[in-house]
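Here's the structure we're looking at; comments come further down.
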Protein chains: 2
Amino acid sequence: MTARRLHQKRRQRPAPGLEDVVFLNLMRTTDALLREVEETLKPAGLSHTQYNVLRILRGAGPQGLACREIGERMLTRDPDITRLLDRLEAHGLVTRQRERTDRRVVNTRITPQGLRILEKLDEPIAELHRRQLRHLRAPRLQSLVRLLEQAREGRP
Amino acid sequence: MTARRLHQKRRQRPAPGLEDVVFLNLMRTTDALLREVEETLKPAGLSHTQYNVLRILRGAGPQGLACREIGERMLTRDPDITRLLDRLEAHGLVTRQRERTDRRVVNTRITPQGLRILEKLDEPIAELHRRQLRHLRAPRLQSLVRLLEQAREGRP
DNA sequence: TGACAATAGTCGTTATAACAGATATAGTTG
DNA sequence: CAACTATATCTGTTATAACGACTATTGTCA
C-alpha cells in the first residue's frame, strides 16, 4: 500500500457514496446547461427566472394567474414573487390587477410585448437545447427524464 | 376536433421537444434536492456554495488553494470568489495569505474550525442524499450518472 | 355578529450574485 | 531593461434572492 497522499485526516472520511456522485453530477450538468440558457436570454434582458414566469403566464392564457399559482408552477421556487413581478411590470411585460371577487388576490397577465419577446426567444432556446443534448438519442433522453422524475419522487 | 382551448395563438407554438422536457426535469430535480440540502446546512449557517468551497479546501489539504483553482473546482461557477472567501474568513472558517513566490496569488486554507463544521455535516448530508435517492437502486443511479455526464459532454 | 384563524400579497432588510472596471504582480520580447 | 501582455485578485455598483414581519381580505364558527 503506497503511502502517497494518505493524510491522516483523509482516511477518516468515508468514500463518497453513489448518491453523492449523483447529486454532484446533477449540479454540474444543470449549471452547465443553465449557463448557456442565460447566455441566450441575456440579449433580451431576461433572467432565466423571469423567462420562466413569462412562459408560465403565456401558458395560463388571457385570464392570467395569481401570485401563488405562479409560484407553484415555477421550476425553481422563489419566495418573493412580488418583486419579481414588479420588475417584469416595470419593463412592460406583464400587467397586474386586483381581483374584484376576492380582493386579496392580484391577477397577473402577460402583455403583447411580453408575448413578442417570448416568441423571439422560442426558437433560439429550443435550438440551444437541441444542440446541448445532440449527443443523446431519443431513447436515452427518455431514460434520463424517467430517472430524473424518479429521483424527485415521494417528495412534497 | 373539439375547439375547447384552442386559442389561436397557442396553435402556432410548436409542441415542446424532448430536449426541453429534459431541461425542465433537470431544473426541477436539482431544485428539489438542493432545497433539502440547504435546509440541512442552515443550522450551520452555511449556504451550499460556501459548503462546496469548504469541501474543496478540505480536499486540497494543508497547502491550500488559489482563488482561481477554487473557482475551477466549484459545482456552480461564481464570478466573485473574493467576497465569498471574505465571508468565510470573517466567520473564521478559512485563512488567506499572499503567496511569497508569486505575490499575485492569495492562498486560502481551511481552518480547524472549518474542518470541525464540515465533519459535523458529513454524515447528515450523506444521509440526506441516501434518503433522497432511496427509490433508485445502484444500477439506476449509475445510469443516471452516466447520462448526466453525457449530457454535458463536448462542452468547455 | 364578532372574534379568530387562514389566505394572499407586500415591504424592510440583509445577504449574495452578476457585471464591469481597476490594481498589482509576473512573464516576455525587442 | 522598457514596454507590453497576461494573470490573479480586488472593488464599486446594481440587481436579485432570502428571510421575517406586516397588512388587507376572506372564511369559519361559537
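All chains are named by letter (A, B, ...) in the order of the sequence lines, taking the proteins before the strands, and each is independently numbered beginning at 1.
- Between the side chain of A:Arg131 and the backbone N or O of A:Leu128 there is no donor-acceptor pair closer than 3.5 Å.
- Within residues 99-109 of chain B, the residues that have a heavy atom under 4.0 Å from DNA chain D are, in order of number, B:Arg104, B:Val105, B:Val106.
- The closest donor-acceptor contact from the side chain of B:Thr111 to the backbone of B:Gly92 lies under 3.5 Å.
- For the pair A:Arg35 CZ and C:dC19 P, the interatomic distance rounds to 9 Å; values are reported in whole Å.
- If you take CG of A:Asp80 and C1' of C:dC11, they are 9 Å apart, rounded to a whole angstrom.
- For A:Arg137, the CZ atom sits in a loose shell: 12 or fewer heavy atoms of surrounding residues, nucleotides or ligands are nearer than 6.0 Å.
- An OP1 or OP2 oxygen of C:dT10 is reached within less than 4.0 angstrom by a side-chain nitrogen or oxygen of A:Arg96.
- Atom CZ in A:Arg68 sits roughly 19 Å away from atom P in D:dT25 (whole-Å rounding).
- Atom P of nucleotide C:dA8 and atom CD of A:Gln97 are separated by 19 Å, given to the nearest angstrom.
- Within residues 41-50 of chain A, the residues having any heavy atom under 4.0 Å from DNA chain D are, by residue number, A:Thr49, A:Gln50.
- A sub-4.0 Å separation between OP1 or OP2 of D:dT16 and a side-chain N or O of A:Arg87 is present.
- Here the C1' atom of nucleotide D:dA15 and the CG atom of A:Asp78 are 13 Å apart, to the nearest Å.
- One side chain, B:Thr29 or A:Arg152, offers a donor N or O that lies under 3.5 Å from an acceptor on the other.
- Rounded to an integer number of Å, the gap from CG of B:Leu85 to C1' of D:dC10 is 12 Å.
- As a whole-Å value, the separation of B:Ile81 CD1 from C:dA18 P is 11 Å.
- The CG-P distance, from B:Leu75 to C:dA17, rounds to 13 Å in whole Å.
- In the displayed structure, B:Arg98 atom CZ is contacted under 6.0 Å by more than 12 heavy atoms of other residues, nucleotides or ligands.
- Side-chain N/O atoms of B:Gln150 and A:Arg140 include a donor and acceptor closer than 3.5 Å.
- With hydrogens and angles ignored, a donor-acceptor pair closer than 3.5 Å exists between the side chain of B:Arg83 and the base of D:dG12.
- Under a 3.5 Å cut-off, the side chain of B:His135 and the backbone N or O of A:Glu153 do form a donor-acceptor pair.
- Side chain of A:Arg109 to backbone of A:Thr95: no donor-acceptor contact under 3.5 angstrom is found.
- In this structure, B:Arg28 contributes its side chain and A:Thr76 its backbone to no donor-acceptor pair below 3.5 Å.
- Closest approach to the A:Cys67 side chain among C:dG9, D:dA17, C:dT16 is made by C:dG9 (side chain taken as heavy atoms from C-beta onward).
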